[in-house]
Amino acid sequence: MSRVLVTGADGFTGRYVIEALSRDGHEAIGTTRRESGPALVALELSDADAVQNALQTLRPDAIVHLAAVAFVAHGDLSEMFSANVVGTRNLLAAAAAMDSAPRTVLVSSANVYGNATAGTIAETAPLLPANDYGVSKLCVEHLARIWSPRLPVVVTRPFNYTGVGQSERFLIPKIVAHYAKRAPRISLGNIEPKRDYSDVRMVAEVYARLIMAAEPPEVVNIASGRSHSVQDILAIMTRISGHEIAVDIDPRFVRADEIMELKGDRGRLDQALPALPNFSLDETLSWMLHSA
């Protein structure tokens, strides 16, 4: 058993990571900006002194760093870079200052690849982020390289993933909510481009296993290796719900330069962590619909 610090534990992914770690016998301690409680510590990552004091007190054996502004269209640029870049820098500095440096799993994003690479994307693809969120996550990766001589760091690049509890600001929860309410219509963008969608339970298992992996990769995609269009998602939802929704295409959500297919190469992931749970998109959508 080891003590694992999970930042952003009150977010969508955090509770699944806590569950996976606890199931594996680890002592999981989560941090949140808002409130503390049993196995939950209030910590503002932009406060360097507070972060250093917390790590010296808690002395984790490993860290899973989830805390971030993760919504691409987040309106407050200052808050995004403070949370994603400054907070990460403070955490890495505090972890490296510990007597025994904890293995640290940093969550970057497939957004660092941008829109320049179509098809199946491997970790060696060019990094050309096309939005502020992607830029902030590329900064996180550069920070990891600065601190890696003093700290064992694994950088993960998750592609899209979803599950019960994700905000309806995101595409799939929005679609599921409309079907759960048996709404007659939904407003969407282009429904033909294909993207890679994973299940949050698989993603959480990746984070839980990476902290114990004998020789983890320095950088690894987290992806399903499969691609589906929004049209595919609508068809699945119609079949499993028995309800059909009319789609209104909103020009505000349509990009002229849309790449028709993006999916992650998961070869490195499968090599590092064989026998991960394999959820089909049908299973994930059914779970979400019946939990709505």
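Bear in mind that the values here come from a model prediction, so they are computed numbers and not experimental data.
Between the side chains of E261 and S227, a donor-acceptor pair is found at a separation under 3.5 Å. Side-chain atoms of T284 and Y161 form no donor-acceptor pair, as typed in the model, at a separation below 3.5 Å. With no hydrogens or angles considered, no side-chain donor-acceptor pair links S187 and D248 at under 3.5 Å. Residues S108 and E141 bring a donor and an acceptor atom of their side chains to less than 3.5 Å of each other. With 3.5 Å as the limit, one finds a donor-acceptor pair spanning the side chains of N131 and N111. Side-chain contact, S22 with H26: no donor N or O sits under 3.5 Å from an acceptor N or O.
Following chains of ILVMFWY side-chain contacts shorter than 4.5 Å, one cannot reach I121 starting from L128, and the two form parts of different hydrophobic clusters. Linking Ile, Leu, Val, Met, Phe, Trp and Tyr whenever their side-chain heavy atoms come within less than 4.5 Å leaves L171 and M260 in two separate clusters. A continuous path of hydrophobic side-chain contacts links M237 to I186 [ILVMFWY only; heavy atoms under 4.5 Å]. The hydrophobic cluster containing I146 also contains L92, counting ILVMFWY residues as joined when their side-chain heavy atoms lie under 4.5 angstrom apart, directly or transitively. Transitive grouping of hydrophobic side chains (ILVMFWY, heavy atoms separated by less than 4.5 Å) keeps V86 and L66 in distinct clusters.
Remark: side-chain polar atoms of S198 are paired, donor with acceptor, to backbone N or O of S224 under 3.5 angstrom. With R157 contributing its side chain and V107 its backbone, the two residues share no donor-acceptor pair below 3.5 Å. R266 places no side-chain N or O within 3.5 Å of a backbone atom of R226 that could act as its donor or acceptor partner. Under a 3.5 Å cut-off, the side chain of N84 and the backbone N or O of S136 do not form any donor-acceptor pair.
Around CE of M98, the count of heavy atoms belonging to other residues, nucleotides or ligands within 6.0 Å exceeds 12. For E283, the CD atom is densely surrounded, since the number of other residues' heavy atoms within 6.0 Å is greater than 12.
Each of I172, V176, D199 was compared with T162 under the side chain to side chain contact (heavy atoms under 4.5 Å, CB included) criterion, and only I172 meets it. When each of I233, D232, I249 is checked for a side chain to side chain contact (heavy atoms under 4.5 Å, CB included) with I191, only I249 meets the rule.
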N221 and Y113: side-chain hydrogen bond (donor to acceptor under 3.5 Å, both in side chains), yes or no, with the steps? CA-CA 11 Å; N221 286 339; Y113 297 120; 2.7 Å; yes
Derivation and outcome, side-chain hydrogen bond (donor to acceptor under 3.5 Å, both in side chains), residues H65 and T104: CA-CA 7 Å; H65 180 39; T104 301; over 6 Å; no
Run the numbers on T238 and Y179 for side-chain hydrogen bond (donor to acceptor under 3.5 Å, both in side chains), then give the verdict. CA-CA 8 Å; T238 297; Y179 276 92; 3.0 Å; yes
Start with the C-alpha gap between S2 and D61, add the side-chain angles, then the distance that decides, and say whether side-chain hydrogen bond (donor to acceptor under 3.5 Å, both in side chains) holds. CA-CA 6 Å; S2 60; D61 302 299; 4.8 Å; no
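Using a 4.0 Å cut-off between charged side-chain N and carboxylate O, R59 and D99 make a salt bridge. Salt bridge status for E27 with R3: present, with a side-chain N to carboxylate O gap under 4.0 Å. The pair R33-E79 counts as a salt bridge, with a side-chain nitrogen and a carboxylate oxygen less than 4.0 angstrom apart. The residues E19 and R201 are annotated as not salt-bridged, no charged nitrogen and carboxylate oxygen being separated by less than 4.0 angstrom.
Side-chain contact between E205 and M202 is absent, with no heavy atoms from C-beta onward closer than 4.5 Å.
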